[in-house]
Structure formats: structure tokens, C-alpha cells
Amino acid sequence: MSQQQSKEERVHHVFEKIYNKYDAMNSIISFQRHKAWRKDVMKRMQVEEGAMALDVCCGTGDWAISLAEKIGTSGEIIGLDFSENMLSVAKQKKKQHNIKQLQFIHGNAMELPFKDNTFDYVTIGFGLRNVPDYMTVLQEMYRVVKPGGKVVCLETSQPELIGFRQLYYFYFRFIMPAFGRLFAKSYKEYAWLHESAKNFPDKKHLKKMFMEAGFAKVDIKSYTGGVAAMHMGFKE
């Protein structure tokens, strides 16, 4: 438990510290690809107007805002995160876009404060690798999604191409924290992002975890040589 606790505290510290540079850094880290990946995932989700959606570990709110635009004013979207600082950026964006059907709340992905079978869609973007226990969060997302609903995870993955894989780890380990130092004065925090990505399960292992959490079917899509992957779980 103490190890879990320390991961939770450490992650919380990371995001409370880098929140105001997070969006710019994301673009640098993914070579501007993260928006294209998310756009493709959204297309595959076939989000329906008037739906209920939850974005877990919503961070600064970009995915929640994209969902809100698709769902329209007849639906409802909730973005949940445990970093108040990240949420402050998300709330600012909501104000700018003037989106009524979207609300941001402070909460923990390990214990979602919602009833069973509440949402049509539950998403988590680049957040699963930061939670203390992947399985607990997958089970929680499974619990709150309606039967017939979808749980969608977009996350860093393990590239499989020899050579490219080594290059990726080199980039993550040395170049990215240097970017963090340069742009966000947060070398230690970005070194954490390397560590969390390196230890994250590959796509086959993650699919297995989705199945173990109860999903009837899981679709996978790799992006940019496998540096990121989408897992879409269907609840019967």
C-alpha cells in the first residue's frame, strides 16, 4: 500500500507543478501528434448527440471539450481529475468556449463517485499510466459505463519495431526530460513521465487487462509506430 501511496503522491506533485505548461509540453513530447491521435479515436468512437460521457484523469480538459462539442447541449459530459491545478486550466478553457453541458469535478479515478451504469462513454487519455493501480481504474470505468457503452483509453504504448523502439526509449529518457528542463523548468517531473511510460503494459497485455476487467470485446489501434495506442472496450 505504501508503494501505491507514494506513486499517488508523486504523480499528484508532478501535475500540481507542471499544470500551466502541460499543454505546450504535450505537443512537444508527441511531436504535435496527440491531437491527431485523439481525433482518429473520436471518429472510431462514433459519439452520439445527447449522450452522457465521463473523461477520467481529464487534466486540462481538451478531450472533455472535444466530447462536449460532439455530444451537444442535449447531453452531459463530466471531466474528473485529482489535480486542482490542472482543473483550474480546464475550467478556464470551459469558460472561454462557454460550454454549458460540461462540468469539471475533483475526484479520484480509483473510486469514481458515480452510480453503476451511468455513462454511454468513458474515456481516459494519457492518464492510466499515472494511476496507482491500472486494474482498479479499469474496473471502475467498467462499472460506471452502461451496458452497450464504450470505455476508451488512449495511452503511450511500447513500440515494437526494433531500432525504432530503442530510439523511442532514448528520446523518452534523455531528450524529453531535457525539454522539460528547458521549457518547463521541471526536469524531475518530466523524468517521471518517462518512467511511467516505460513501465506501462504493451497493447496485448493491456487488452488482456481490459478483458479481465469484464469487457466483452476490445478494439486496438496503434499510432505512430506504436508509441501510442487506443483500446476501446465494449460492455455487454
Side-chain angles (χ1 to χ4, degrees), residues 1-19 22 26 41 53-60 63-64 78-87 90 104-119 121-146 149-158 172 188-220 226-236:
M1 191 59 208
S2 60
Q3 195 183 354
Q4 273 197 7
Q5 194 59 33
S6 64
K7 179 174 179 181
E8 199 157 7
E9 284 166 358
R10 197 171 162 200
V11 172
H12 191 260
H13 164 78
V14 167
F15 291 105
E16 288 290 89
K17 182 151 182 222
I18 64 175
Y19 71 99
Y22 183 74
N26 249 354
V41 169
L54 169 68
D55 187 31
V56 180
C57 303
C58 67
T60 56
W63 201 351
I78 297 170
L80 173 138
D81 203 274
F82 77 156
S83 165
E84 295 275 21
N85 285 348
M86 295 283 268
L87 286 171
F104 289 108
I105 66 168
H106 185 249
N108 191 341
M110 301 273 288
E111 280 178 81
L112 295 173
F114 308 106
K115 291 192 171 114
D116 299 3
N117 312 320
T118 300
F119 300 97
Y121 307 95
V122 180
T123 57
I124 185 163
F126 305 106
L128 191 59
R129 68 171 187 263
N130 292 316
V131 302
D133 187 81
Y134 309 136
M135 199 60 182
T136 300
V137 173
L138 288 175
Q139 285 165 341
E140 274 293 275
M141 292 194 295
Y142 178 84
R143 180 180 68 76
V144 301
V145 79
K146 290 176 186 172
K150 296 168 186 167
V151 168
V152 186
C153 170
L154 176 61
E155 188 54 272
T156 52
S157 193
Q158 313 295 348
F172 241 106
K188 279 212 308 283
E189 284 71 28
Y190 282 92
W192 156 256
L193 293 184
H194 152 70
E195 194 182 308
S196 63
K198 186 168 161 274
N199 297 330
F200 194 71
D202 65 24
K203 53 184 188 284
K204 288 193 188 96
H205 185 184
L206 188 57
K207 178 180 181 174
K208 195 165 161 264
M209 290 177 79
F210 261 80
M211 300 301 277
E212 281 168 18
F215 293 95
K217 177 168 96 89
V218 185
D219 289 351
I220 303 178
V227 301
M230 172 207 81
H231 287 68
M232 189 186 297
F234 298 82
K235 182 171 175 175
E236 269 185 344

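Each residue takes its place number in the sequence, starting with 1. The structure displayed is predicted, hence computed values, not measured ones.
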Using modelled atom types and a 3.5 Å cut-off, is there a donor and acceptor pairing between side-chain atoms of [X] and backbone atoms of [Y]?
X	Y	result
Glu140	Leu112	yes
His231	Val218	no
Gln158	Ala197	yes
Lys235	Val145	yes
Glu155	Gly127	yes

Is any side-chain heavy atom of [Y] closer than 4.5 Å to one of [X]?
X	Y	answer
Asp81	Phe15	no
Phe234	Asp219	yes
Phe119	Lys146	no
Met110	Asp133	yes
Val131	Thr136	no
Leu80	Cys58	no

Atom pair [atom1]/[atom2] of [X] and [Y] - distance to nearest 0.5 Å:
X	Y	atom1	atom2	value
Leu206	Leu128	CG	CG	6.5 Å
Met86	His106	CE	NE2	12.0 Å
Ile124	Trp63	CD1	CH2	9.0 Å
Arg143	Asn117	CZ	CG	9.0 Å
Ser157	Lys204	OG	NZ	10.0 Å
Tyr142	Glu212	OH	CD	13.5 Å

Atom of [X], atom of [Y] and distance for their closest heavy-atom approach:
X	Y	value
Met211	Ala216	CE-O, 3.7 Å
Ala109	Val56	CB-CG1, 3.5 Å
Ser196	Arg129	OG-NE, 3.2 Å

Aromatic ring proximity Tyr134/Phe200, centre distance under 6.0 Å: yes
For Ser83, side chain to side chain donor-acceptor pair (under 3.5 Å) partners two or more places apart: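 Residues passing side chain to side chain donor-acceptor pair (under 3.5 Å) with Ser83: Glu16.
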Phe215 and Phe210 aromatic ring geometry - parallel, tilted or perpendicular at 30°/60° bounds: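 Ring orientation of Phe210 relative to Phe215: tilted.
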Set of salt bridge (Lys or Arg N to Asp or Glu O under 4.0 Å) partners for Lys207, sequence neighbours left out: none
